[in-house]
Undergrad: 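Structure provided below as structure tokens; questions to follow.
When a residue number appears, it is its place in the shown sequence, counting from 1.
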Amino acid sequence: MAHVVILGAGLGGVVAAYEIKDKLRSQDKITVINKGSVYHFVPSNPWVAVKWRTREDIEINLPPIFKKRGIEFEDGGAKRVHPETNQVELNDGRMIDYDYLVIATGPELAFDEIEGLGPHGGFTQSVCHVDHAIPASDEFEEFCKNPGPVIIGAVQGASCYGPAYEFLMIVETELRKRKIRDKVPMTFVTSEPYVGHLGLDGVGDTKGLLESAMRERHIKWETNAKVQKVEKGKMTIEVVNDDGTTKAVKELPFGFSMMLPAFRGVEAVRGIEKLTNPRGFIIVDKNQRNPTYQNIFAIGVCVAIAPQAPTPVPCGVPKTGFMIESMVTATAHNIGELLRGGVADAEGTWNAVCLADFGDSGVAFIAQPQIPPRNRNWSSSGKWVHMAKIGFEKYFMSKMRSGESEPFYEKMVMDIFGINKLKD
């Protein structure tokens with residue numbers, strides 16, 4: 001009997017639990033370790049932050065679903081991974097032995113790296129977690145009673161830009177609905193070298209599409225920007241030239257701000273030599289496998305991916321939903337093969353399929369693979385994207401509740417469009 005342990009129950013961890021369970025032999029066992037027993041659909045957090053969704057709308061209680069699938073669950077969280085002894089130490093002091101470990105923790109949010117950043121003692125809001133989005137919605141309600149300037153964006157070192165663009169446009173849409181948009185100057189502040197870079201050197205014409213959307217909505221922007229500090233009602237940024245030299249230091253006033261932080265690895269893995277890089281992200285090979293600890297795999301935001309090229313202000317590489325699912329499928333295949341004496345040779349395509357909602361329209365893109373150069377590089381915009389995002393939310397939540405990772409009809413549709421999870 002082999003014991004597979006999955007650390008984390010976010011998008012990657014839950015999908016991995018379903019797919020790996022399907023690949024196990026009858027005598028094998030699978031356990032998911034997570035802090036808390038609820039799955040949250042993170043892409044809906046920008047809607048929560050303007051009260052278009054509630055916490056209950058985007059939550060799934062995992063224990064009954066896991067029990068039905070024969071997946072064991074520990075909801076007390078992990079304190080430390082011990083790869084030398086093949087154990088995970090839980091927060092309550094117990095040790096869980098594993099034969100294979102899949103790390104799917106997501107990131108730790110590095111608000112503390114910038115003075116005054118973040119919702120915990122700082123002056124900016126976040127949509128990274130539903131626990132942030134709910135208080136952000138309350139702050140937004142108060143702001144609307146006495147509107148003023150808004151700053152939204154992503155700080156230096158951030159590796160997730162899509163939600164910043166989404167929330168910017170969703171807030172703009174909501175302000176128009178409330179008929180107070182004329183009272184709110186809006187500025188997008190980002191570490192990207194240009195609007196629509198997304199940490200990916202753009203996809204299709206995301207630069208043109210997003211710049212056009214901002215111009216149409218009278219939103220100003222600051223690119224190549226480092227946030228130096230945030231004070232109540234004021235953000236100090238340094239804008240740099242392409243060679244990294246200072247172009248200008250600006251003080252921007254705001255009445256409401258949401259800034260995405262940089263990420264780092266979680267404490268349970270951070271600082272483990274040969275498992276993580278200096279930021280605490282898991283080092284993996286092309287098969288999602290750690291080169292040193294061959295029985296450890298990693299998927300999702302916790303994976304170390306080097307930027308394609310340096311930028312004047314540091315920009316991380318995003319890990320989008322479909323890209324994460326391709327990591328999951330490769331990992332499930334490889335563990336299944338190893339359990340049967342085979343070879344772990346599956347590689348995820350790391351393709352990206354994204355829908356960025358603007359509240360009443362949006363931008364969609366396909367990048368195959370996500371990291372350039374690409375075989376396919378496409379983007380489009382329109383009101384259809386907003387409706388597609390709503391439909392995807394409902395579909396994905398239903399899929400997670402059913403305990404399925406990829407119904408046959410989903411794979412059929414993806415095959416028609418030539419979007420695959422594994423490399424041939």
Side-chain angles (χ1 to χ4, degrees), residues 11-12 41-47 127 152-154 158-170 172-173 188 190-217 219 221 223 260 300-301 305 307-309 311 315-327 348-393 395-396 410 413-421 423:
L11 183 151
F41 187 63
V42 172
S44 293
N45 284 342
W47 291 339
V127 293
I152 292 170
S159 57
C160 185
Y161 297 93
Y165 286 102
E166 283 193 298
F167 190 59
L168 175 78
M169 300 301 186
I170 287 168
E172 198 275 341
T173 299
F188 187 71
T190 181
S191 55
E192 300 161 273
Y194 58 83
V195 166
H197 180 277
L198 301 170
L200 299 170
D201 200 14
V203 182
D205 190 28
T206 49
K207 181 179 189 294
L209 291 173
L210 289 168
E211 280 191 358
S212 177
M214 288 192 191
R215 288 191 184 97
E216 288 175 3
R217 296 171 182 239
I219 298 170
W221 62 82
T223 55
L260 298 179
V301 180
I305 302 177
Q308 183 71 9
T311 50
C315 293
V317 179
K319 291 91 171 181
T320 57
F322 192 84
M323 178 188 188
I324 293 171
E325 290 192 64
S326 79
M327 294 180 182
T349 55
W350 288 17
N351 291 333
V353 182
C354 291
L355 300 169
D357 176 54
F358 289 178
D360 55 4
S361 62
V363 167
F365 65 81
I366 297 174
Q368 293 182 288
Q370 178 168 292
I371 310 298
R374 302 184 178 108
N375 296 314
R376 189 175 181 185
N377 193 42
W378 172 88
S379 59
S380 184
S381 63
K383 292 184 178 181
W384 68 269
V385 180
H386 173 64
M387 300 309 298
K389 186 66 175 274
I390 293 172
F392 177 74
E393 175 198 49
Y395 168 71
F396 194 87
E410 177 183 325
V413 171
M414 289 299 181
D415 286 345
I416 290 171
F417 285 98
I419 303 169
N420 303 310
K421 291 181 180 178
K423 291 185 178 180

Undergrad: For N420, is there any backbone N or O sitting under 3.5 Å from a side-chain donor or acceptor partner on T349?
TA: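 Indeed, once roles are kept as given, a pair shorter than 3.5 Å links the two residues.
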Undergrad: Does a side-chain heavy-atom distance below 4.5 Å link P318 with L200?
TA: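 Sidechains of L200 and P318: in contact.
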Undergrad: When rounded to the nearest 0.5 angstrom, what is the spacing between OG1 in T320 and CD in E325?
TA: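 Taking OG1 in T320 and CD in E325, the distance rounds to 9.5 Å.
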Undergrad: Does the side chain of W350 come within less than 4.5 Å of K319's, by heavy atoms?
TA: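 Sidechains of W350 and K319: no contact.
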Undergrad: Take R376 and N351, measure what side chain to side chain contact (heavy atoms under 4.5 Å, CB included) needs, and give me the verdict at the end.
TA: CA-CA 9 Å; R376 189 175 181 185; N351 291 333; over 6 Å; no
Undergrad: If we only count heavy atoms from C-beta on, is the L209 to S379 side-chain gap below 4.5 Å?
TA: yes
Undergrad: Quick one: side chain to side chain donor-acceptor pair (under 3.5 Å) partners of W221, sequence neighbours excluded?
TA: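 With sequence neighbours excluded, W221 shows a side chain to side chain donor-acceptor pair (under 3.5 Å) to no residue whatsoever.
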Undergrad: Quick one: does R374's side chain get under 4.5 Å of V203's, heavy atoms only?
TA: yes
Undergrad: Out of curiosity, D357 CG to T173 OG1, how far, rounded to the nearest 0.5 Å?
TA: 7.5 Å
Undergrad: What side-chain hydrogen bond (donor to acceptor under 3.5 Å, both in side chains) pairs are there with at least one residue in residues 192-206, not counting sequence neighbours?
TA: Y165-E192, T190-E192, Y194-D201
Undergrad: Less than 4.5 Å apart, any side-chain heavy atom of L260 and any of P163?
TA: yes
Undergrad: If I take atom OG from residue S361 and atom CD from residue E216, how far apart are they, to the nearest 0.5 angstrom?
TA: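 One gets 8.5 Å once the value is rounded to the nearest 0.5 Å.
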Undergrad: Distance check, rounded to the nearest 0.5 Å: F358 atom CZ versus L210 atom CG?
TA: 5.0 Å
Undergrad: Give, for atom CD1 of I366 and atom CG of N375, the distance between the pair rounded to the nearest 0.5 Å.
TA: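 Atom-to-atom, I366:CD1 and N375:CG are 13.0 Å apart.
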Undergrad: Less than 4.5 Å apart, side chain to side chain, heavy atoms only: is that true for V195 and T223?
TA: yes
Undergrad: Which heavy atom in M327 sits nearest to a heavy atom in G300, and how many Å separate them?
TA: SD-N, 3.2 Å
Undergrad: Between Y161 and C315, is there a side-chain heavy-atom distance shorter than 4.5 Å?
TA: yes
Undergrad: Assess whether side chain to side chain contact (heavy atoms under 4.5 Å, CB included) is satisfied between D360 and H386, documenting all intermediate values.
TA: CA-CA 6 Å; D360 55 4; H386 173 64; 5.6 Å; no
Undergrad: Among residues at least two apart in sequence or on other chains, which ones pass side chain to side chain contact (heavy atoms under 4.5 Å, CB included) with S44?
TA: F41, W47, I58, E393
Undergrad: So L11 and V42, side chain to side chain contact (heavy atoms under 4.5 Å, CB included) or not? Walk me through it.
TA: CA-CA 8 Å; L11 183 151; V42 172; over 6 Å; no
Undergrad: Any idea which heavy atoms bring G153 and F188 closest together, and the distance?
TA: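 The answer is CA-CE1, 3.7 Å.
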Undergrad: Are any of the side-chain heavy atoms of K383 and M387 separated by less than 4.5 Å?
TA: no
Undergrad: How far does NZ of K421 sit from CG of D415, to the nearest 0.5 angstrom?
TA: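 These two atoms lie 10.5 Å from each other.
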Undergrad: Should V317 and S159 be marked as a side chain to side chain contact (heavy atoms under 4.5 Å, CB included) after you check the CA-CA gap, both sets of side-chain angles, and the distance that decides it?
TA: CA-CA 5 Å; V317 179; S159 57; 5.7 Å; no
